[in-house]
Protein chains: 2
Amino acid sequence: MPRWPEDSRARLVDSAVTLFAEHGYHSTTVDHIAARAGVTARTFFRHFSDKEEVLFADDDTVLPGMLASIAEPTGPVSAAELMQRTLTQLAEVMQPQRSVLTARQRIIETDVALTGRELAKQARWQQGVATALIERGFTADDAEVLSAIGFAIFVRALHSWLADNNGPTLADRVRDALPRARTVLDVVSSR
Amino acid sequence: MPRWPEDSRARLVDSAVTLFAEHGYHSTTVDHIAARAGVTARTFFRHFSDKEEVLFADDDTVLPGMLASIAEPTGPVSAAELMQRTLTQLAEVMQPQRSVLTARQRIIETDVALTGRELAKQARWQQGVATALIERGFTADDAEVLSAIGFAIFVRALHSWLADNNGPTLADRVRDALPRARTVLDVVSSR
DNA sequence: AGTGTTGTGTCAGATCATGACATCATTTAG
DNA sequence: CTAAATGATGTCATGATCTGACACAACACT
């Protein structure tokens, strides 16, 4: 019999997302979130470094999978194939979370600081992937350019998937995105 | 004879950058900045919506120039040429600011929130450029992909320029970046 | 001279965030 | 089987960020 109800952290995340969606990010105070989760504000800040972080708590669990999907394959394989692999893996992790991701995205878009934190997170992923590619022997330049382009393209696919309920799956969109990027550059560079 | 010393805003920016560089972003309070500029904290918040904004005050003056450099050219011109034009224009605006930009970048890198705000700003630019391209008749898809790739590449060039004092100019790096991006995609897609 | 506008000061207050210390069920050591 | 260590929480105090309301003095226009 634990002294306190368990999973305070999970209840805090849940309360936060609900209240943000219901009353907006600014109007929701940390006290509100904590009260709804049955704890004090001090406890909120023990679990999350700040009010924003409650929306990004699970982000760091994603990167290891991406890095693994780059490190795993044995034998010679192109950087583009590895990039494709990583992004597809990311797409498959995100796919089942669609409804949560949509709600989260709606909240994030209401606030510049949240948008920024989201982008900063993507930048860390991008850097991590580039480093993993470099460790597989590709040049820093190729790795970084490819990672930058890959994520730029992925984010576009993600947003179109979140906006369009009925089109192709995220994984499908991502699969097509990288080859299409090359096509676009081909076309635009041709005169 | 004005009632107060003029240019409070400029003095606030100057004080802020100096103090951030000297004592770090977190350790510097708005009161410190205001005191050094000879005003009160309340005045600081009249000029800047929050403590971060003092580092990004001039950002919105840049976009109009970029949009103009896309809208200006008459006659048929490829999207890639327009992208090249815009980024080169941006590079030329930034080039004389090198020392300020370096100091600013050093500060931004010390704080996730600042990094995020910087990225959010870039995202706004990217969206603005994409819109301008669309208005010139290119498809939304091509415009957005090209803008995304263009800025991803530009940021890489910018960072390498800031890190390397003695190499090529920013404009030169930018000029080479887009064609090189295509080369990288060619190489990585070829096997 | 009168009126409006502008930039600032002062003050009160809400919210965010952190440090220090206390509490108490669970776990572990002796 | 007791006693100490542990861990998640609460309470309190405090500093920092940000906003609203009101006041005031100089300037600008008529």
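Lettering of chains follows the sequences in order, A, B, ..., and the numbering in each one begins at 1.
Rounded to the nearest 0.5 Å, atoms CE (A/M83) and CD1 (A/I153) are 10.0 Å apart.
Applying the ring pair (Phe, Tyr, Trp, His ring centres under 6.0 Å) criterion to A/F44, with sequence neighbours excluded, gives A/F48.
Taking only side-chain nitrogens and oxygens, A/T40 comes nearer than 4.0 Å to OP1 or OP2 of D/dG10. Regarding contacts with the backbone of C/dT15, every side-chain N or O of A/H26 stays at 4.0 angstrom or more from both OP1 and OP2. Between C/dG7 and B/T43, no contact under 4.0 Å exists linking OP1 or OP2 to a side-chain N or O. Residue B/S8 places none of its side-chain N or O atoms closer than 4.0 Å to OP1 or OP2 of C/dG7.
Comparing C/dC16, D/dC18, D/dG10 by their nearest atom to the side chain of B/F45 picks out D/dC18. With D/dG10, D/dA21, C/dT15 as the candidates, the nucleotide lying closest to the side chain of A/T29 is C/dT15.
A/K51 forms a cation-pi arrangement with A/Y25, by the criterion of a distance under 6.0 Å to the ring centre and an angle within 45° of the ring axis.
Taking the nucleotide of DNA chain C with the nearest heavy atom to each of A/A41 and A/H32, the more 5' of the two is matched to A/H32.
Between the side chain of B/R9 and the base of C/dG7 there is no donor-acceptor pair of N/O atoms closer than 3.5 Å. Evaluation of atom-type donor-acceptor distances gives no pair under 3.5 Å for the side chain of A/R46 against the base of D/dG7. Scanning atom types as modelled, one donor and one acceptor separated by under 3.5 angstrom connect the side chain of A/R42 and the base of C/dG19.
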